[in-house]
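What follows is a short report on a single structure.
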Amino acid sequence: MSDLLLSHGYFLSEDEKERQIMKPYPPLGLLYVAAYLKGRGVSVEVFDTTFRTRAELDTALAGWRGTKVLGLYTNLMTRRPVVEIAARAKALGFTVVLGGPESANYPAEYLSRGADVVVLGEGEETMAELLPALADRGPHRLHGVAGTVFVDEDGRVVTNPARPQIPDLDAMPDPDREAIDTAAYVDVWRRHHGAGSVNLITARGCPYKCDWCSHAVFGFTHRRRSPAHVAREVETIRDRYRPDQLWYADDVFTLQHRWLFDYARELRARGLRIPFETISRADRMMKEEVLATLAGMGCSRIWIGSESGSQRILDEMQRGVTVEQVQWATKAAQRHGIEVGMFLMWGYDGETVEDIEATIDHVRRAGPDVYFTTVAYPIRNTGYFDKVAGRVVLEKAWEDATDRDHRIAGRHSRAYYRHADRWLRSAVEAHRLEREDPAAAAAKRAEASLAREALLGAAEEAEA
Ligand code: B12
Ligand code: SF4
């Protein structure tokens, strides 16, 4: 008889795009919560939805013999399934607790659609206090349980005081990877990409203020685990799952250089060298020693949030990085044998055709190994959302949408940004082909020019 069932609303079978990419990772947050609670004598089961179906989850809920408390992880992608799973669980008599970044941004909306409690911030300590409180007092008298939002007996939404963040991450157990079929993820990676991968984090929170970025869970603090604590987890992962690579899912892996050097030394001392990918910021990569260290540790690819090639737009975003830093960091990383992935964003507030042109020129000059574009969307409770709040339009019902569906009145059409994408890809490809195949390069340049014309046409259409 278990005390708690944890799950989430992400089903790979329902995500056609991701099924093509096939780079799924376990829900680390849930596994942290599970590990912490188990360490305190709570018996927890995790139903990992990633490789399962809704029908299977339904069967698990209907057949559940333990205490009827269901905890669900929420993020920006899973609103609809979470609302549906919560409703189904409620109908079966469960008390439903939500955690993660999405429900933290919309507690009232989720509570009005059947959730009993929304946990804000880190889930470990709050859940440890919440579970006995639920058993003793039920879901409507949770006053004083820090870090929770609930509905009281008079139907009022009550937000309890925030819970202080966990000061010492080394005191936390490793995420409970054995609670789910972690090996299945490694296997999927190996079958589709030739290399099995496992995710882990070395820190929580990011102190930077990029104004479209959600800080709903960890705020603006930055807390790091000690190098020895992380290296020991890597050893455990290696011994248990034998991955070919790791994914350090930190916000900014190279944020503290001293820590990075110490961590590299710790790995070396233990004879650990597992290739890995991670994310960072260009301004935290501006030293040869940092890049040499990353390369020495086995970093095969680093992702940089480059966002725009227009300094004006970067400054508007409060990104705190210059275009030239991104240029330097990209080239320097590649010089050290590390591939560079770039995230780019179209359509940030005030972006002009000249800014788009600057981004294209920037990507062409920097030459990342891979890049992805998104059209900017304001996530609730971010500076960007507040900036455009008066113009945010949601054309669907809240439960059918995500924050990615936020349209900004007055902004260009989807077609406009598709042309921007085509312009970017053709121009970058033309640049790459310049030496090896001048004819192909000329064809790509012509394609870029057509895409530019189409973009200008789409802009005029919108204005007409
Ligand atoms: C790594 C990562 C990715 C990877 C995913 C691979 C992976 N899973 O490792 C990649 C790069 C593919 C990715 C993609 C996207 N991501 Co992402 N990602 C992250 C990142 C950096 C780390 C996730 C992580 O492992 N966190 C560590 C764990 C420990 O934290 P946690 O999950 O929040 O869990 C804690 C609490 O939330 C809570 N908790 C969690 N579950 C539960 C459950 C219960 C019941 C309770 C009580 C508590 C609780 O307790 C946990 C421990 O304290 C986060 C930012 C961050 N630092 O968390 C963004 C983040 C989650 N991603 C975000 C976004 C927007 C996206 C994309 C939509 C981006 C895009 N434009 O495409 C896509 C969506 C992909 C998808 N299908 O879901 C946003 C989500 C915002 C929101 N409001 O939901 C975040 C917060 C980034 C940001 N700062 O804006 N992402
Ligand atoms: S985008 Fe990256 S660097 Fe900027 S605030 Fe978010 S996590 Fe930090």
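Side-chain atoms are counted along with the backbone in the values below, which use heavy atoms only and exclude waters and symmetry mates. Numbering of ligands and ligand atoms starts at 1, following listing order. Predicted model, so just to flag it, every value in this text is computed and none were measured.
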Is the closest heavy-atom distance from R204 to ligand 1 below 4.0 Å? yes
Those atoms of ligand 1 less than 4.0 Å from some heavy atom in N199: 9 (O)
So does H406 get a backbone contact from the side chain of E395, meaning a donor-acceptor N/O pair under 3.5 Å? no
Tell me which protein heavy atom sits closest to atom 27 (C) of ligand 1, plus the residue, atom name and distance to 0.1 Å. I201 CD1, 3.9 Å
I would like to know whether D58 and R54 meet salt bridge (charged side-chain N to carboxylate O under 4.0 Å, His left out); could you show each step before the answer? CA-CA 6 Å; D58 205 59; R54 296 223 197 190; over 6 Å; no
Which residue and atom name correspond to the protein heavy atom nearest atom 83 (N) of ligand 1, and how close is it? N105 ND2, 3.5 Å
For N75, counting its heavy atoms only, list the atoms of ligand 1 lying under 4.0 Å from any of them. 78 (O), 84 (O)
Under 4.0 Å, heavy-atom basis, I'd like to know which part of E122 is in contact with ligand 1: side chain, backbone, both or neither. both
Spell out, as yes or no, whether a donor-acceptor pair under 3.5 Å connects the side chain of H140 to the backbone of D116. no
According to the interplanar angle, ranging from 0 to 90°, do the rings of W259 and Y263 count as parallel (below 30°), tilted (30 to 60°) or perpendicular (above 60°)? parallel
Say whether G123, considering both its backbone and side-chain N or O atoms, lies within less than 3.5 Å of an N or O atom on ligand 1. yes
Would E233 and R177 pass as an ion pair if we require N to O under 4.0 Å? yes
For ligand 1, the portion of I379 having any non-hydrogen atom under 4.0 Å away: side chain
L72 side chain near Y110 side chain, heavy-atom distance below 4.5 Å: no
Between D15 and ligand 1, is there a nitrogen or oxygen pair with a distance under 3.5 Å? no
shortest atom 8 (Fe) of ligand 2-to-protein heavy-atom contact is with C206 SG, 2.2 Å
May I ask you to identify the nearest protein heavy atom to atom 2 (Fe) of ligand 2, giving residue, atom name and distance to one decimal place in Å? R319 NH1, 4.2 Å
Would you kindly specify which portion of F343 sits under 4.0 Å from ligand 2, judged on non-hydrogen atoms: side chain, backbone, both or neither? neither
What part of E124, side chain from CB on, backbone N/CA/C/O, both or neither, has a heavy atom under 4.0 Å from ligand 1? side chain
Is it the case that the side chain of D3 and the backbone of V42 share a donor-acceptor pair, with hydrogens and angles ignored and the cut-off at 3.5 Å? no
Between F94 and W64, how do the two ring planes meet: parallel, tilted or perpendicular, split at 30° and 60°? tilted
Which atoms of ligand 1 sit under 4.0 Å from any heavy atom of L76? 68 (C), 82 (C), 84 (O)
To which of G147, G205, A249, A376 does the heavy atom nearest atom 1 (C) of ligand 1 belong? A249
Is it true that G121 lies under 4.0 Å from ligand 1, counting heavy atoms only? yes
Using modelled atom types and a 3.5 Å cut-off, is there a donor and acceptor pairing between side-chain atoms of D355 and backbone atoms of S310? no
Output yes when a side-chain donor or acceptor of E122 lies under 3.5 Å from a complementary backbone atom of I166, and no otherwise. yes
Closest protein heavy atom (residue, atom, distance) for atom 61 (C) of ligand 1: Y73 OH, 4.2 Å
Measure the acute angle between the ring planes of H193 and W189, then classify it against the limits of 30° and 60° as parallel, tilted or perpendicular. tilted
Give the contacting part of R380 toward ligand 1: side chain, backbone, both or neither, where contact means a heavy-atom distance below 4.0 Å. neither
At under 4.0 Å between heavy atoms, what of H215 touches ligand 1? The answer is neither
Carboxylate-amine/guanidinium proximity below 4.0 Å for R19 and D15: no
Within a distance under 4.0 Å of any heavy atom of Y32, pick out the atoms of ligand 1 and give their elements. 29 (C)
Which residue holds the protein heavy atom closest to atom 1 (S) of ligand 2, what is that atom called, and what is the gap in Å? W212 CH2, 3.4 Å
Flag side-chain contact, heavy atom, 4.5 Å: D48 against H8: yes
With a cut-off of 4.0 Å, which atoms of ligand 1 are near a heavy atom of Y377? 65 (C), 68 (C), 69 (C), 70 (C), 71 (N)
Just to be sure I'm reading this right: ignoring hydrogens, which of Y106, Y185, W212, F218 gets closest to atom 58 (O) of ligand 1? Compare them by their nearest heavy atoms. F218
For Y36, is the NZ or CZ atom of R40 found under 6.0 angstrom from the centre of its six-membered ring and inside 45 degrees of the ring axis? yes
Can you check which of Y25, Y36, W247 brings a heavy atom nearest to atom 11 (C) of ligand 1? W247
Out of L72, T382, T50, indicate the one that has the non-hydrogen atom closest to atom 45 (C) of ligand 1. L72
Pick, from D251, T278, L28, the option with the minimum heavy-atom distance to atom 55 (C) of ligand 1. D251
Run down the list S214, C206, G29, P27 and name the one with the heavy atom closest to atom 81 (C) of ligand 1. S214
Check whether any heavy atom of F372 sits under 4.0 Å from an atom of ligand 1. no
Specify the closest pair of heavy atoms between V198 and Y25, including all atoms of both residues, with the distance to one decimal. C-CE2, 4.0 Å
At the 4.0 Å heavy-atom cut-off, does H8 count as touching ligand 1? no
In ligand 1, the atoms that come under 4.0 Å of a heavy atom of V217 are 33 (O), 36 (C), 37 (O)
Tested for salt bridge (Lys or Arg N to Asp or Glu O under 4.0 Å) against D403, the lone hit among R79, K396, R380 is R79
Restricting to N/O/S atoms, is C213 within less than 2.8 Å of atom 6 (Fe) of ligand 2 or not? yes
Set out, in order, the CA-CA distance, both residues' side-chain angles and the distance that settles salt bridge (charged side-chain N to carboxylate O under 4.0 Å, His left out) for D211 and K387, then state yes or no. CA-CA 9 Å; D211 83 338; K387 203 182 275 177; 3.1 Å; yes
Quick one: which ligand 1 atoms are inside 4.0 Å of a heavy atom on V33? 50 (O)
Is there a side-chain contact between R273 and M297 (heavy atoms, below 4.5 Å)? no
Has C213 got any heavy atom lying under 4.0 angstrom from an atom of ligand 1? yes
What residue and heavy atom of the protein are closest to atom 80 (C) of ligand 1, and at what distance? P101 CG, 4.2 Å
Does the protein place any heavy atom closer than 4.0 Å to atom 76 (C) of ligand 1? yes
Taking 4.0 angstrom as the limit, do R113 and E109 come out as a salt bridge? no
Note: ligand 1 atoms sitting under 4.0 Å from heavy atoms of T374 are 71 (N)
Has the side chain of D250 got a donor or acceptor atom that lies under 3.5 Å from a matching backbone atom of I201? no
Can you confirm whether R223 sits close enough to P167 that some side-chain heavy atom of one is under 4.5 Å from a side-chain heavy atom of the other? no
Please state whether the rings of H215 and F220 are parallel, tilted or perpendicular, taking 30° and 60° as the class boundaries. parallel
Which is it for T78 and ligand 1 at heavy atoms under 4.0 Å: side chain, backbone, both or neither? neither
Which residue holds the protein heavy atom closest to atom 46 (C) of ligand 1, what is that atom called, and what is the gap in Å? G99 CA, 3.5 Å
re atom 4 (Fe) of ligand 2, the protein heavy-atom contact at minimum distance is C210 SG, 2.3 Å
